[in-house]
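Right, one structure below, let's go through it.
Every heavy atom of this structure was used, including side-chain atoms; hydrogens, water molecules and symmetry mates were not. Predicted model only: the values in this text are computed from it and were never measured.
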Amino acid sequence: MSRICELTGKGRQVGHNVSHANNKTKKVFLPNLQNVTLMSEKLDRSFKFRVSTQGLRSVEHNGGLDNWLLKTNDEKLSARALKVKRELKKAAVEAA
């Protein structure tokens with residue numbers, strides 16, 4: 001399973017461990033991913049995602065899963081998140 005946030009696209013970063021003697025060794029920085037269940041208010045369903053903690057804070061800051069998905073670019077979202085986004089758009093068209 002890849003270490004990529006399904007909602008923000010945040011992945012691993014590569015850098016160096018630097019010792020006091022300034023020796024550099026490669027290091028991989030992984031995002032803090034959590035398995036969460038997020039509720040969609042418009043679809044009245046819950047969805048399971050693997051999300052970074054920073055991504056979870058961003059979702060809550062933007063007013064929930066529905067608002068986050070509609071505002072986010074498709075390139076950042078995973079295939080499962082894109083499917084939910086399509087369902088949201090379809091529900092919005094049917095409601096109007």
Side-chain angles (χ1 to χ4, degrees):
M1 188 178 279
S2 63
R3 296 274 188 164
I4 297 176
C5 175
E6 292 189 80
L7 297 181
T8 61
K10 184 177 204 157
R12 69 182 201 140
Q13 292 183 327
V14 178
H16 286 100
N17 267 341
V18 181
S19 70
H20 184 69
N22 206 25
N23 298 330
K24 295 173 185 73
T25 57
K26 287 278 190 175
K27 177 181 171 87
V28 176
F29 298 94
L30 298 174
N32 183 8
L33 296 179
Q34 305 294 323
N35 293 319
V36 295
T37 302
L38 297 172
M39 184 73 180
S40 170
E41 296 172 2
K42 293 179 184 173
L43 297 177
D44 200 32
R45 286 180 49 203
S46 59
F47 298 95
K48 289 186 178 183
F49 291 108
R50 194 153 188 235
V51 183
S52 64
T53 52
Q54 186 64 44
L56 190 58
R57 290 183 65 203
S58 299
V59 168
E60 293 299 320
H61 179 76
N62 282 296
L65 179 65
D66 299 340
N67 289 338
W68 173 262
L69 288 175
L70 294 175
K71 288 181 180 179
T72 307
N73 291 336
D74 291 349
E75 292 85 36
K76 289 184 178 181
L77 299 174
S78 69
R80 290 185 350 181
L82 279 173
K83 184 178 176 185
V84 175
K85 183 174 181 176
R86 275 187 247 114
E87 288 181 32
L88 279 171
K89 288 183 178 180
K90 185 177 178 183
V93 168
E94 290 173 357

What closest approach, in Å, do [X] and [Y] show between heavy atoms, and which atom pair accounts for it?
X     : Y     : result
Ser58 : Trp68 : CB-CZ3, 3.7 Å
Cys5  : Thr8  : SG-OG1, 3.1 Å
Thr37 : Ser46 : CG2-CB, 3.6 Å
Ser2  : Leu33 : O-CD1, 4.5 Å

Hey, does [Y] have a side-chain heavy atom less than 4.5 Å from the side chain of [X]?
X     : Y     : value
Phe49 : Val84 : yes
Asn62 : Lys71 : yes
Leu7  : Leu69 : yes
Asn32 : Ser52 : no
Asn17 : Lys26 : no
Gln34 : Leu56 : no
Lys89 : Lys85 : yes
Lys76 : Lys10 : no

Rounded to the nearest 0.5 Å, how far does [atom2] of [Y] lie from [atom1] of [X]?
X     : Y     : atom1 : atom2 : value
Leu30 : Gln13 : CG    : CD    : 10.0 Å
Leu43 : Lys90 : CG    : NZ    : 11.0 Å
Leu88 : Asn67 : CG    : CG    : 9.5 Å
His61 : Gln54 : NE2   : CD    : 10.5 Å
Glu6  : Leu38 : CD    : CG    : 10.0 Å

Query raised in the report: Does Arg80 reach the main-chain N or O of Phe47 with its side chain, forming a donor-acceptor pair under 3.5 Å?
Result: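 Not a single qualifying donor-acceptor pair exists.
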Query raised in the report: For Glu41, does its backbone N or O pair with a side-chain atom of Asp66 as donor and acceptor, under 3.5 Å?
Result: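 It does hold such a pair.
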Query raised in the report: Got more than 12 heavy atoms from elsewhere within 6.0 Å of NE2, His16?
Result: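 Result for NE2/His16: enclosed.
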Report task. For atom CZ of Arg12, decide whether the heavy atoms of other residues, nucleotides or ligands shown that lie under 6.0 angstrom number more than 12. Result ->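 Atom CZ in Arg12 is not crowded, with 12 or fewer foreign heavy atoms closer than 6.0 Å.
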Query - Met39 reachable from Leu65 in the ILVMFWY side-chain graph, under 4.5 Å edges - result: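 No, no single cluster joins them.
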Query raised in the report: Given the rule that I, L, V, M, F, W and Y join up when any side-chain heavy atoms are under 4.5 Å apart, are Leu82 and Ile4 in one cluster?
Result: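 In one cluster: no.
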